[in-house]
Amino acid sequence: MAGWGAFFVSLLNYKTEKYVIAENRKIGILFRLYQLAVLGYIIGWVFLMRKGYQEREEGIQTSVITKLKGVALTNSSETGVQLWNSEDYVIPPSGEQVIFVVTNYIETPNQTLGFCPESNKVPDGRCQSDDDCPDGESVIAGHGIKTGVCLNSTGTCEIHAWCPVEYGERPTEPLLSAAENFTIYIKNFIRFPKFKFSKSNILETSDDSYLKRCSYDRVHNPYCPIFRLGELVGWTGYDFQDMAAKGGSVGVLIEWDCDLDKDSSHCNPEYSFTRLDMNLNTSVTSGYNFRYARYYKHQSGESYRDLYKVFGIRFDIMINGKAGRFSIIPTIIAIGSGVALLGLGAFVCDMILLYMMNTSSFYRESKFEVIDFNKKTKTKEGKTRHHERKSRKKAAEKENSVKNADETSPAAENQQPVDTRGPTIPRNTGQRYSGMVSLQGPEPRHHITISSEA
């Protein structure tokens, strides 16, 4: 129990390090430069740039609403004059984070179900005999089902499909070139649930006409969410008319980087625009297109349709965000990491002094103290025995001196000094004492004995 008690008592002791001062200018300068670099990293990068004193949240909650406006007029030999509203060229019309704007198209009008030749652009539809067109087999990447007949006039198989099949070439110039002046309205709401902070990318104003007359500007009007399509595509580094002919994909990135230690007015959206499909329009993988149809019925009840292969620009709206607010925990962690880095500098300098310099052995002798426990124990036992022998010797000498004093005390009492002077008294007393002490001993005392006999 005594051992455990001593152990628990020792836990209350404070142990400090032993420092050795090495007067080496090179190592001293190296160590101070390292300390300055670490302090610069902690203060400049961790605290000022990365704001390591803040608690961060990147789980942003967001909602996006889009809306396009604009009118275009087209005139083609197949369909004549057509007026295009946002209901016609915007897909889907509901307005989501992904929205497609038609800028060019190929129209195949008045298709009905029947039998017609396959297009010679389809490799699997070409034939030389009926054996190349097995009945009931679908044309790979084609428009219908083979009937078993090879049409010599076209060199293709006869198919059961919506006829006539799609024909025509993509116009080299976009039919809806006026789409450059269309506007897209992007409304974005964000929320950081950890900090219970919400905001939108629209200026908070009571002016109802603000959204009808404003246009986005990075410097003068950053809170207007209305963008002109020609400018938006131009910010990606490409020309709108070149992209509109074949189609493409554009990414609209809205970044929210909010420092909630400041006022909410400093939390502003940052827009960036980039082209997401292949950079070159000459690439076979660049561009964007798909097909859709509009269905009708004759008065006789027969169905027919108009097929459109549309080219256009797809806008992908992406939202990223992060927010930060001061918290003591990340602050302590950042400071602790800085202290650890400072300790690393001391370790490196120690390694240089211990193993990489001419005076390494001298420094090691000064820094490290080797303790031999067995030798120390033997030395301690030897000192204990020496003290015991010394104490016993002193006790014996003391005892002998006492005995000698006892033996010589009677003789000392019998001896009388021959020429011993008496006490001296002041001269002004007028009295003198005999200078010599009588040699005779004290007078014997007489004892009277009383007897009880008569």
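Residue numbers start at 1 and run along the sequence shown.
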Checking the side chain of [X] only, and the main-chain atoms of [Y] only, is there a donor and an acceptor separated by less than 3.5 Å?
X	Y	value
D306	P109	no
T331	Y53	yes
N221	D217	no
N85	E87	no

**ring pair (Phe, Tyr, Trp, His ring centres under 6.0 Å): pairs with one or both residues in residues 127-147, sequence neighbours excluded** =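 Qualifying pairs, neighbours excluded: none.
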**Request:** For the cysteine pair C163 and C116, state whether the SG atoms are less than 2.5 angstrom apart.
**Result:**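 Yes; the two sulfurs sit under 2.5 Å apart.
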**Asked** Does the C157 SG fall under 2.5 Å from that of C127?
**Response**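 Taking the criterion (SG atoms under 2.5 Å apart), C157 and C127 fail it, so no.
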Do [X] and [Y] touch side chain to side chain, with heavy atoms closer than 4.5 Å?
X	Y	result
P225	L211	yes
T74	L175	yes
K297	E302	no
V139	V122	yes
V71	W84	no
R305	R294	no
Y105	L176	yes
I91	F290	yes

**Asked** Hey, mind stepping through F197 and L260 against side-chain contact (heavy atoms from CB on, under 4.5 Å) and telling me if it holds?
**Response** CA-CA 9 Å; F197 177 82; L260 300 184; 4.0 Å; yes
From [X] [atom1] over to [Y] [atom2], what is the distance, rounded to the nearest 0.5 angstrom?
X	Y	atom1	atom2	result
C267	F192	SG	CZ	6.0 Å
R126	D124	CZ	CG	10.5 Å
I140	E137	CD1	CD	6.5 Å
N24	L353	CG	CG	6.0 Å
E231	Y216	CD	OH	11.0 Å
Q128	T156	CD	OG1	12.5 Å

**Request:** Test D261 against every option in H266, K51, Q54 by the side chain to side chain donor-acceptor pair (under 3.5 Å) rule and name the one that passes.
**Result:**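 Per the side chain to side chain donor-acceptor pair (under 3.5 Å) rule, the option paired with D261 is Q54, out of H266, K51, Q54.
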**Worked check of side-chain contact (heavy atoms from CB on, under 4.5 Å) between C133 and C150** = CA-CA 6 Å; C133 305; C150 180; 4.1 Å; yes
**Message:** Aromatic contact between F227 and Y271, with the criterion being ring centroids under 6.0 Å apart: yes or no?
**Reply:**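 Ring centroids of F227 and Y271 are less than 6.0 Å from each other.
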**Message:** Please report whether the ring centroid of F100 lies less than 6.0 Å from that of Y89.
**Reply:**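 No - the distance between ring centres of Y89 and F100 does not fall below the 6.0 Å cut-off.
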**Item:** Residues forming a salt bridge (Lys or Arg N to Asp or Glu O under 4.0 Å) with E55, sequence neighbours excluded
**Value:**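 E55 satisfies salt bridge (Lys or Arg N to Asp or Glu O under 4.0 Å) with K194 once adjacent residues are dropped.
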Taking atom types as modelled, find out whether [X] and [Y] have a side-chain donor-acceptor pair closer than 3.5 angstrom.
X	Y	answer
E158	T147	yes
W162	T112	no
D350	Y363	yes
N75	Q82	no

**Request:** Give a yes or no on whether a salt bridge exists between D207 and R213, defined as a side-chain N under 4.0 angstrom from a carboxylate O.
**Result:**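 Answer for the salt bridge query: yes.
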Acceptor/donor pairs from residues 251-258 side chains to any protein atom, 3.5 angstrom cut, sequence neighbours excluded:
from	atom 1	to	atom 2	distance (Å)
W256	NE1	N188	OD1	3.0

All N/O donor-acceptor pairs, side-chain side in residues 310-326, below 3.5 Å, sequence neighbours left out:
from	atom 1	to	atom 2	distance (Å)
R314	NE	D316	OD1	3.0
R314	NE	D316	OD2	3.2
R314	NH1	Y288	OH	3.3
R314	NH2	D316	OD2	3.0
D316	OD1	S249	OG	3.4

Could you tell me which non-hydrogen atom of [X] sits nearest to which non-hydrogen atom of [Y], and how far apart they are?
X	Y	answer
L307	Y292	CD1-O, 3.7 Å
G144	E118	N-OE2, 4.1 Å
K146	D135	O-OD1, 3.3 Å
P117	L151	CB-CD1, 3.4 Å
V64	Q97	CB-CG, 3.5 Å
F240	S177	CE2-O, 4.3 Å

**Asked** In chain order, what residues pass the side chain to side chain donor-acceptor pair (under 3.5 Å) check against R191, with sequence neighbours excluded?
**Response**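 R191 satisfies side chain to side chain donor-acceptor pair (under 3.5 Å) with Q61 only.
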**Request:** Can you spot which of I99, V90, I226 makes a side chain to side chain contact (heavy atoms under 4.5 Å, CB included) with I184?
**Result:**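 By the side chain to side chain contact (heavy atoms under 4.5 Å, CB included) criterion, I184 pairs with just one of I99, V90, I226: I99.
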Enclosure of [X] [atom1] (heavy-atom neighbours >12, cutoff 6.0 Å):
X	atom1	result
H220	NE2	no
I329	CD1	no
Y295	OH	yes

**Prompt:** Under the side-chain contact (heavy atoms from CB on, under 4.5 Å) criterion, do L203 and Y210 qualify, and how do the steps go?
**Reply:** CA-CA 9 Å; L203 180 66; Y210 172 73; 3.8 Å; yes
Check residues 27-49 and write down every donor-acceptor pair under 3.5 Å in which the side-chain atom is one partner and the other belongs to a residue at least two apart or another chain.
from	atom 1	to	atom 2	distance (Å)
R32	NH1	Q35	OE1	2.7
Y34	OH	L341	O	2.6

**Message:** Set out, in order, the CA-CA distance, both residues' side-chain angles and the distance that settles side-chain hydrogen bond (donor to acceptor under 3.5 Å, both in side chains) for N181 and R228, then state yes or no.
**Reply:** CA-CA 6 Å; N181 296 316; R228 182 174 165 268; 3.0 Å; yes
**Request:** In sequence, state the C-alpha distance, the side-chain angles, and the governing distance for R291 and E166, and then conclude on salt bridge (Lys or Arg N to Asp or Glu O under 4.0 Å).
**Result:** CA-CA 10 Å; R291 294 174 176 84; E166 180 182 288; 2.8 Å; yes
**Request:** Might you work through the side-chain contact (heavy atoms from CB on, under 4.5 Å) test for L229 and E180, ending with a clear yes or no?
**Result:** CA-CA 5 Å; L229 295 188; E180 184 175 8; over 6 Å; no
